[in-house]
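All figures in this text were calculated on a predicted structure; none of them were measured in a lab. The first residue of the sequence shown is numbered 1, and numbering continues consecutively from there.
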Amino acid sequence: MLYYVTSVYWHVGSCSSKMVRLHVKHGDESQFLFDTTVSVSVEELTKQVTSIYNGRLKVSRICSEMEELSEHGITLPPNMQGLTDEQIEELKLKDEWETKCTPSGGSVFKKDELGRRNGHAPDENMKKVLQKTMEEARALIAKKQAEANVCVTMDMVKDALDQLRGAVMIVYPMGLPPHDPIRMEFENNEDLSGTQAGQAVIEEANTQLWWAGKELLRKQKLVDYVGKNEKTKIIVKIQKRGNGAPAREPVISEEEQKKMMMYYHRRQEELKKLEEDEDISYMNADWADSSSLKRQFQGVNDIKWRPR
């Protein structure tokens, strides 16, 4: 029997046409759409955008670890990670959480070659529960939502986290070990120091928002930059303080540039085809040949200056 944790907040992120719409980017990479008002302070806006940005990163980190959980079971204690079976036996180490944290429906052994997890993975049915939930959670906060004109809200991020938490509780009703990174993420005790994932996180105090080559200063309001039109759509770039001004948006987007190149290529091909298909057969007619009479007298009338 399969259990699925399903999404309940898909409608929350639909964008309003009566609010300022931010297309949030990090560098040149699209992140998400966010609706706000011109009256919001930049201080509050920065907090909201940063929370969603970091929340989406948290969902991605948890999903990555849940993939490993579904394949190789719970994380070994830190003092056992990376050791071979012989080393563990020689040092007389024992994982006390192995019997406490067993998956529902039993486990299937699949050794973790990296030595991070104990190898006792959930069975196929429970594995599908985790995989289905990861797929839904990722879709909820995916970058493709911007292409679909769906705004991402903090409620959607929280919903994605709740789905993932629920799926883990279904598969591991006794919970995960306190050192497991998934549990640490849910409890906001994750240690990302020295990791690539940690570099991606932007602390709210160090966050800067930029628009049109200008930093949005926290003491100002959004109206001071974009005016009073609530239907404005702007591209805002989020980055860490101290990284300098981000690159400005190109005059035309990459997609528009591709369309222009395709148009000019097609036009060039059409002109080339017209030139090749141009009807110049009359040039081979006898009446169009000014030297025809001369060749007749010389007996070389069948020689043509170009092939038919």
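For Glu187, the CD atom counts as densely surrounded, since its 6.0 Å shell holds more than 12 non-hydrogen atoms of other residues, nucleotides or ligands. Within 6.0 Å of CD in Gln268 there are 12 or fewer heavy atoms belonging to other residues, nucleotides or ligands. Within a 6.0 Å sphere centred on NZ of Lys100, other residues, nucleotides and ligands contribute more than 12 heavy atoms. At most 12 non-hydrogen atoms from other residues, nucleotides or ligands lie less than 6.0 angstrom from CE of Met169. Annotation for Lys221: atom NZ does not count as buried by contact number, only 12 or fewer foreign heavy atoms lying within 6.0 Å. Applying the 6.0 Å contact sphere to CD of Glu44 captures more than 12 heavy atoms from other residues, nucleotides or ligands.
Nearest heavy-atom pair across Ala137 and Gln163 is N-OE1, 4.2 Å. Taking both residues in full, the closest heavy atoms of Glu98 and Thr102 are given as O-CG2, 3.4 Å, listed atom of the first, atom of the second, then distance. For Pro177 against Ile74, the heavy-atom pair with the smallest separation is CG-CD1, 3.7 Å. The minimum heavy-atom distance between Thr75 and Pro181, with the atom names listed, is OG1-CD, 3.3 Å. The two residues Met126 and Ser104 make their nearest non-hydrogen contact at CG-O, 3.1 Å. Here the closest heavy-atom approach between residue Gly73 and residue Tyr172 is recorded as CA-OH, 3.8 Å.
There is no path of hydrophobic side-chain contacts, each under 4.5 Å, that joins Leu76 to Leu69. There is no path of hydrophobic side-chain contacts, each under 4.5 Å, that joins Trp210 to Leu222. Hydrophobic clustering, with ILVMFWY side chains joined whenever heavy atoms are under 4.5 angstrom apart, groups Ile238 together with Val236. Val152 and Val40 fall within a single hydrophobic cluster, where Ile, Leu, Val, Met, Phe, Trp and Tyr side chains are chained together by heavy-atom contacts under 4.5 Å. By the rule that hydrophobic residues join a cluster once side-chain heavy atoms approach within less than 4.5 Å of another member, Leu192 and Ile182 end up as members of one cluster.
One finds no salt bridge joining Arg117 and Asp95 here, because no Lys/Arg side-chain nitrogen approaches an Asp/Glu carboxylate oxygen to under 4.0 Å. Using a cut-off of 4.0 Å between Lys/Arg side-chain N and Asp/Glu carboxylate O, Glu204 and Arg218 are scored as salt-bridged. For the pair Glu185 and Arg61, the salt-bridge criterion is met [side-chain N within less than 4.0 Å of a carboxylate O]. Remark: Glu203 does not engage Lys240 in a salt bridge, criterion side-chain N to carboxylate O under 4.0 Å.
Looking only at side-chain heavy atoms (C-beta outward), Phe32 and Val49 come within less than 4.5 Å of each other. Contact annotation: the side chain of Ile234 approaches that of Leu22 to within less than 4.5 Å [non-hydrogen atoms, C-beta and beyond]. Contact annotation: the side chain of Thr36 approaches that of Phe34 to within less than 4.5 Å [non-hydrogen atoms, C-beta and beyond]. Taking 4.5 Å as the limit, some side-chain heavy atom of His23 sits within range of a side-chain heavy atom of Ser30. Within the 4.5 Å cutoff, side-chain heavy atoms of Arg21 are placed close to those of Asn149. Residues Cys101 and Arg183 are not in side-chain contact: their nearest non-hydrogen atoms beyond the backbone lie 4.5 Å or more apart. No side-chain heavy atom of Val38 sits under 4.5 Å from any side-chain heavy atom of Asn229. The side-chain heavy atoms of Phe109 and His120, taken from C-beta on, include a pair separated by under 4.5 Å.
With rounding to the nearest 0.5 Å, the separation of CG in Leu91 from CE in Met80 is 9.5 Å. Rounded to the nearest 0.5 Å, atoms NZ (Lys128) and OG1 (Thr133) are 13.5 Å apart. The distance from the CG atom of Leu45 to the OG1 atom of Thr50 is 8.5 Å, given to the nearest 0.5 Å. Note that NZ of Lys237 is 13.0 Å distant from CG of Leu216, once rounded to the nearest 0.5 Å. We find the OG-CD distance between Ser41 and Gln220 to be 10.5 Å, quoted to the nearest 0.5 Å. The line from CD of Gln81 to CG of Asn118 is 11.0 Å long, rounded to the nearest 0.5 Å.
A donor-acceptor contact shorter than 3.5 Å is absent between the side chain of Thr207 and the backbone of Lys47. Side-chain atoms of Ser107 do not come within 3.5 Å of backbone N or O of Pro103 as any donor-acceptor pair. A donor-acceptor distance shorter than 3.5 angstrom exists from the side chain of Gln145 to the backbone of Leu140, with no hydrogens or angles considered. When atom types are taken as modelled, the side chain of Tyr225 and the backbone of Leu217 share a donor-acceptor pair closer than 3.5 angstrom. With hydrogens and angles ignored, the 3.5 Å screen pairs a side-chain donor or acceptor of Ser70 with a backbone N or O of Glu67. A distance-only check finds no donor-acceptor pair linking the side chain of Asn206 to the backbone of Arg241 [under 3.5 Å]. Between the Asn54 side chain and the Ile202 main chain, a donor and an acceptor come within less than 3.5 Å of each other. The backbone N or O of Pro78 sits nowhere less than 3.5 Å from a side-chain atom of His179 that would complete a donor-acceptor pair. Within the 3.5 Å criterion, the main-chain N or O of Thr84 finds a donor-acceptor partner in the side chain of Gln87.
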Evaluate side-chain contact (heavy atoms from CB on, under 4.5 Å) for Val168 paired with Phe186, printing each intermediate quantity in order. CA-CA 11 Å; Val168 171; Phe186 286 143; 4.1 Å; yes
Worked check of side-chain contact (heavy atoms from CB on, under 4.5 Å) between Glu90 and Glu86: CA-CA 6 Å; Glu90 182 181 345; Glu86 292 76 15; 5.9 Å; no
Please test Leu164 against Met134 for side-chain contact (heavy atoms from CB on, under 4.5 Å), starting from the C-alpha separation and ending with a verdict. CA-CA 7 Å; Leu164 297 173; Met134 284 187 286; 4.3 Å; yes
Check against side-chain contact (heavy atoms from CB on, under 4.5 Å), Val201 and Leu57: CA-CA 7 Å; Val201 174; Leu57 293 177; 4.3 Å; yes
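By the side-chain hydrogen bond (donor to acceptor under 3.5 Å, both in side chains) test, His72 pairs with no residue at all, sequence neighbours left out. Under the rule for a side chain to side chain contact (heavy atoms under 4.5 Å, CB included), the partners of Met154 that lie at least two apart in sequence or sit in another chain are Ser51, Ile52, Val157, Lys158.
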